[in-house]
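Convention: sequence-line order gives letters A, B, ...; per-chain numbering from 1. On a predicted model such as this, the values are computed, not experimentally measured, just so you know.
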Number of protein chains: 2
Amino acid sequence: MKKPTDSELEILQVLWDDGESTVRAVNEKLSESRHVGYTTTLKLMQIMTEKGLLARRKEGKTHIYSPTVSKSSTQQQLLSKLLHSAFDGSASSLVIQALGNSKSSKKELDEIREFLNELDKKKR
Amino acid sequence: MKKPTDSELEILQVLWDDGESTVRAVNEKLSESRHVGYTTTLKLMQIMTEKGLLARRKEGKTHIYSPTVSKSSTQQQLLSKLLHSAFDGSASSLVIQALGNSKSSKKELDEIREFLNELDKKKR
DNA sequence: AATATTTTACGAAGATTTTCGTAGAAAGGC
DNA sequence: GCCTTTCTACGAAAATCTTCGTAAAATATT
């Protein structure tokens with residue numbers, strides 16, 4: 001499956017957050033942060049359906065769209081792309097960069113430590 | 001500064017690895033992994049110079065190019081973009097995804113743990 | 001000096017992504 | 001039923017990114 005474009009990702013985010021939605025609903029959500037015409041959103045969602053990123057069913061006169069790809073698998077895909085294109089495939093250097101420049105809370109850092117321990121367990 | 005495109009990033013990688021280089025050298029490096037015409041690389045590097053991503057000086061008849069942006073700041077830029085577009089700004093979830101799907105060595109994991117401890121120290 | 005090679009500059013084609021106008025179909029209100 | 005609103009389909013313009021052909025300038029070779 002091909003990587004979603006930036007605009008496509010925006011739409012996926014809305015659908016992951018809100019669940020299946022009409023074009024109108026998605027467009028209104030997007031319009032909160034920037035101007036975007038209704039038919040622009042419509043066209044993108046039609047294209048995404050052709051590509052297989054979205055599925056739709058008809059309800060009355062409108063279509064209701066839902067994602068066919070999961071959030072985590074998409075995140076994985078984008079992350080893996082970045083890992084190889086910008087970090088020479090070194091996950092640890094990516095992770096350290098990510099942590100270095102983000103003000104993560106103590107709680108989040110503990111969460112990560114916990115995760116590291118589990119990984120270790122599996123390794124042993 | 002605008003995010004480099006995929007092709008631009010490839011070129012930056014060569015220059016970060018090898019240091020300042022001619023178009024020919026960059027093109028040869030790129031050609032190791034995929035076919036790409038000499039003038040294609042030339043054109044891209046000219047555009048990157050216009051954009052301010054590269055600088056060049058003349059030596060004899062050829063130009064010698066060098067990056068004006070650092071690898072780490074570019075990584076940071078791309079990471080931050082991904083963080084917000086795909087991970088709702090949650091660095092910990094990005095990090096956990098990154099670790100979960102990469103087979104990092106014990107040593108790398110320890111490196112990360114070490115980094116977490118330093119972050120904690122600074123937090124206190 | 002004539003010829004060949006290398007490099008640059010330019011422009012434009014091709015591909016992809018993003019945007020929206022227009023027309024027509026579908027539904028609802030009067 | 002007729003008018004208004006909402007939605008879809010289509011096509012194409014605009015923007016960005018990628019690719020390369022061609023020609024001219026600079027240099028090297030013989």
Rounded to whole angstroms, how far apart are [atom1] on [X] and [atom2] on [N]?
X: A/Glu10; N: C/dT17; atom1: CD; atom2: P; value: 15 Å
X: B/Lys43; N: C/dC10; atom1: NZ; atom2: C1'; value: 6 Å
X: A/Leu9; N: C/dT17; atom1: CG; atom2: C1'; value: 14 Å
X: A/Arg57; N: D/dT8; atom1: CZ; atom2: C1'; value: 17 Å
X: B/Lys51; N: D/dT18; atom1: NZ; atom2: P; value: 8 Å
X: A/Leu42; N: C/dT22; atom1: CG; atom2: P; value: 16 Å
X: A/Lys3; N: C/dT16; atom1: NZ; atom2: P; value: 14 Å
X: B/Lys2; N: D/dA15; atom1: NZ; atom2: C1'; value: 10 Å

Any side-chain heavy-atom pair from B/Tyr38 and B/Arg24 closer than 4.5 angstrom? yes
Would you call B/Gln77 and B/Pro4 a side-chain contact if the rule is heavy atoms closer than 4.5 Å? yes
If you look at every strand shown and take non-hydrogen atoms under 4.0 Å, does [X] touch a base, only sugar-phosphate, or nothing?
X: A/Thr62; answer: sugar-phosphate
X: B/Glu8; answer: nothing
X: A/Lys58; answer: nothing

Given [options], the nucleotide with the shortest approach to the side chain of [X]:
X: B/Lys61; options: D/dA26, D/dT19, D/dT22; answer: D/dA26
X: B/Ser7; options: C/dT18, D/dC20, D/dT19; answer: D/dT19
X: B/Arg24; options: D/dC7, D/dA12, C/dT7; answer: C/dT7

Under 4.0 Å between a side-chain N/O of [X] and OP1 or OP2 of [N], yes or no?
X: B/Arg56; N: C/dT7; value: no
X: B/Tyr38; N: D/dT19; value: no
X: B/His63; N: D/dA26; value: no
X: B/Gln46; N: C/dT8; value: no
X: B/Thr5; N: D/dT18; value: yes

Indicate whether any N or O donor in one side chain lies under 3.5 Å from an N or O acceptor in the other, for B/Glu20 and B/Ser66. no
Are a donor atom and an acceptor atom from the side chains of A/Thr5 and A/Ser7 found within less than 3.5 Å of each other? no
Dump the intermediate steps for salt bridge (charged side-chain N to carboxylate O under 4.0 Å, His left out) on A/Glu8 and A/Lys51, then the final yes or no. CA-CA 11 Å; A/Glu8 289 173 347; A/Lys51 288 191 190 174; 2.7 Å; yes
Select from A/Leu44 and B/Thr39 the residue whose nearest nucleotide in DNA chain C is closer to the 5' end of that strand. B/Thr39
When A/Thr40 and A/Gly60 are each assigned the nearest nucleotide of DNA chain C, the 5'-most assignment goes to A/Thr40
Tell me whether A/Arg113 is salt-bridged to A/Glu111, with the criterion being a basic N under 4.0 Å from an acidic carboxylate O. no
